[in-house]
K.L.:
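Mind looking over this structure? Questions follow.
This one's a predicted model, so the numbers in the text were calculated from it and none came from an experiment. Below, read A as the first sequence line, B as the second, and so on, with proteins coming before strands; counting in each chain starts at 1.
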There are 2 protein chains.
Amino acid sequence: MSSTLWRIPASRLDATLDRVGRPVQSTDERDDLIARAFWHVIAEPGDAAVGYLADTGSLVAAAQALIDGCTPATLVALSAGELSAEAATNAVRRWTPRLKSEDVVRALEIAGTVGAQLLAPDDDGWPDGLDRLGPHRPHLLWVRGRTELAPRPSVALVGARAATGYGEHVAMEFAAGLASRDMVVVSGGAYGIDGAAHRASLAAQGDTIAVLAGGADRLYPSGHDALLTRVIDQGAVLSETPCGTAPTRWRFLQRNRLIAAMSDAVVVVEAGHRSGALNTVHHALSVGVPVGVVPGPITSAASAGCHRTLRTSDARCITSTTEIMELAFDSPSGDGAVTLSARPSAGSTRVRDALRPRRAQGVDELARATGMSVDEVRAELGLLQFEELAVEEANGMWRKSNSPRPAPAQF
Amino acid sequence: MSSTLWRIPASRLDATLDRVGRPVQSTDERDDLIARAFWHVIAEPGDAAVGYLADTGSLVAAAQALIDGCTPATLVALSAGELSAEAATNAVRRWTPRLKSEDVVRALEIAGTVGAQLLAPDDDGWPDGLDRLGPHRPHLLWVRGRTELAPRPSVALVGARAATGYGEHVAMEFAAGLASRDMVVVSGGAYGIDGAAHRASLAAQGDTIAVLAGGADRLYPSGHDALLTRVIDQGAVLSETPCGTAPTRWRFLQRNRLIAAMSDAVVVVEAGHRSGALNTVHHALSVGVPVGVVPGPITSAASAGCHRTLRTSDARCITSTTEIMELAFDSPSGDGAVTLSARPSAGSTRVRDALRPRRAQGVDELARATGMSVDEVRAELGLLQFEELAVEEANGMWRKSNSPRPAPAQF
């Protein structure tokens, strides 16, 4: 079936998968992995239409349909109605130009060349935090280095490329402090704060993960080629964009959502008014990951974004590694905050993201989708129902409310 | 009557009052002013027992009683029951050793010598913000310089004596910025941040008030003698402690409550872990005055108190004069805060402070006590009743609830 589905000989596919650490045992297994790679070639990171198809377990069927030249109606059906006719039409329109099965194989072959391995949602090494992204979650990761690191407790240290000596110093102090507490340091491999964080983590014999915007085969920026090679040796470099693809502005922004969702907390060490690190803050707030901000001199433009974040969001002021640990693991520090926050809990956000407005789901299905226990899901549903964000149907199934209250304002 | 009340010839009192800008027209007027000076000689700043006596208009009668050697029961009666027997006993015990009418005259004569003038609660120049201090409010101020400044819109700039160049730079920028917006800059005349604020305000042709811990006759610290002399020339130096008294630790802490209550906002520019400026923050939060904090490098011990304040209270991060104006006048800046604050409004605090647990008061009396309109008082009472902090009696009079909910946690 595979050769007609993917228009590529099964033997070639199997050899390719074998080289990326995925020797498959069955046709279904092969199709599932290839489909995931396919969708990441066809669609940009964060494409929710792919997410809806993944929700119904239709990645393979939808790939087949698309390759065969399907109508939007087929996708609507495959998504169990989650995709509207209009959304499905737009999806077919944007995906079709990129329909080249050969690209999938090329991506996998490049991965094999550089020693990248595939990580799929059911794998032990899959960071479950990514589930928080709901329909915008990735369906496959490409990893060079240690594939077991991503699910471990971690803190993202992010910030400006145009960092000052102060910012780099703080990033290095925090990275070393987190290493001594066995926390994985996640960052983006960029110049400035990211580089300082990775560098100090390595020096402290800590674990660090660099999440790249382009394929894991190209270590970007080029000036960090040696650093990222060391990160691969001691830690991991990963991406959701297939090997062979270039980083683009959109992919940089989407990469930030991975950094945020994978971590137990995001700490912005230094950021100017327009720093990309503020985008990572936005993603963290969206999925309920705690955000910390390091202040600096108000005379320093490099800290202006940090200060604005402090003023306009629930982000907490961070001045030590101890405070980062408290931020990540939710224990109040010192006198405790007086502030009542309108930020939803991570569990609430996960259940909310899993709910669909047009397709009711049972508690079991929601538990699987969110990676939470049935009891936890029931508890969150109760609260969401109280807030009129979830609706229980007569048959005990749940769907997202059609006329929700506005979400709490976010950065 | 005065000569027997105060044991000093009326003519001497009148001459003294005349020299401090208070030529009196009647015995009652004389007695009222002398009583106020008397109580500030007898009692330390913030003595609530004096406040309760002032509430019932009994400052003169209580002074007479004390001079004649009264029993605590007399004070209980004069306070209409607000003072318990135990509190009255303690009050008599602590006041009696300081009972020397001569001290009152000496304080007034020193005031006359240095050109200080008296400011009483009914005067136009009295800063009504002080009413927020309730029973801890002062009953007389001693002012050198311009007596009309104190009620004007103002911002307190406070901070460490051990300021850094960064802190002094920020204090000067803010002081100049506030001067250009016709805001009065209030501070404590101390080394470091206070001095920088006063200096820059003067340089920008702005108005500034220095609130001292000791009598206004002694310009403290001595190294600021020239600076404070210039403040007297262009602005004002004031104190609640009578001329001739020395600054003590307690008086420094109490002086901070004046700085806080007089201002529309308090901004801490730089403060170490144990800085006295944090005490001023505490007072501001207690009376509902908005608090702003300037962050700095987390590597700077001089900013550690600021950062702790940001983490543990409702204080807002401040990076510009514009943000200070928004803090003071309550308009949200930019995206607005997501945070729901548990801080009570200034009006709520004033009415709450005016209420007594054992003595019911009518709305008119509360309006007079708080300096608010009857309508505003009614509105606040409604809210306080809802929060179970105020109780309405059958006759329409109001008293403080005997079993209030705990107050919001404060710094």
Side-chain angles (χ1 to χ4, degrees), chain A residues 164-167 169-171 173-174 267 269-270 273 278 282 285 291-324 326-327 332-344 407-411, chain B residues 164-167 169-171 173-174 267 269-270 273 278 282 285 291-324 326-327 332-344 407-411:
Chain A
T164 66
Y166 165 68
H169 167 89
V170 171
E173 288 284 307
F174 285 171
V267 176
V269 174
E270 197 175 41
H273 264 305
L278 302 183
H282 163 75
L285 291 172
V291 176
V293 163
V294 178
I298 64 172
T299 43
S300 168
S303 289
C306 289
H307 298 150
R308 188 168 94 240
T309 303
L310 266 178
R311 286 175 54 78
T312 58
S313 78
D314 275 347
R316 304 200 61 190
C317 174
I318 294 295
T319 69
S320 69
T321 309
T322 301
E323 291 172 6
I324 296 178
E326 286 161 353
L327 177 75
S333 119
D335 290 340
V338 184
T339 310
L340 303 175
S341 161
R343 181 165 47 85
Q410 290 171 345
F411 173 81
Chain B
T164 66
Y166 165 68
H169 168 87
V170 172
E173 287 285 306
F174 284 170
V267 176
V269 175
E270 198 173 43
H273 264 306
L278 301 183
H282 163 74
L285 292 172
V291 175
V293 162
V294 179
I298 64 172
T299 43
S300 168
S303 288
C306 288
H307 298 150
R308 187 168 94 239
T309 303
L310 266 179
R311 285 175 55 78
T312 59
S313 79
D314 276 345
R316 304 200 61 190
C317 173
I318 294 294
T319 70
S320 70
T321 309
T322 300
E323 291 171 8
I324 296 178
E326 285 160 354
L327 177 74
S333 118
D335 289 340
V338 184
T339 311
L340 303 175
S341 161
R343 181 165 47 83
Q410 291 170 344
F411 175 81

K.L.:
Might you point out which heavy atoms bring A:Ile298 and B:Phe174 nearest each other, and give the distance in Å?
P.N.:
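Minimum heavy-atom separation between A:Ile298 and B:Phe174: CD1-CZ, 3.7 Å.
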K.L.:
Pick from B:Ser303, B:Gly167, B:Pro297: which one has the most heavy-atom pairs with chain A under 4.5 Å?
P.N.:
B:Pro297
K.L.:
Would you mind reporting whether A:Ile318 and B:Arg311 have side-chain heavy atoms less than 4.5 Å apart?
P.N.:
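Yes, side chains in contact.
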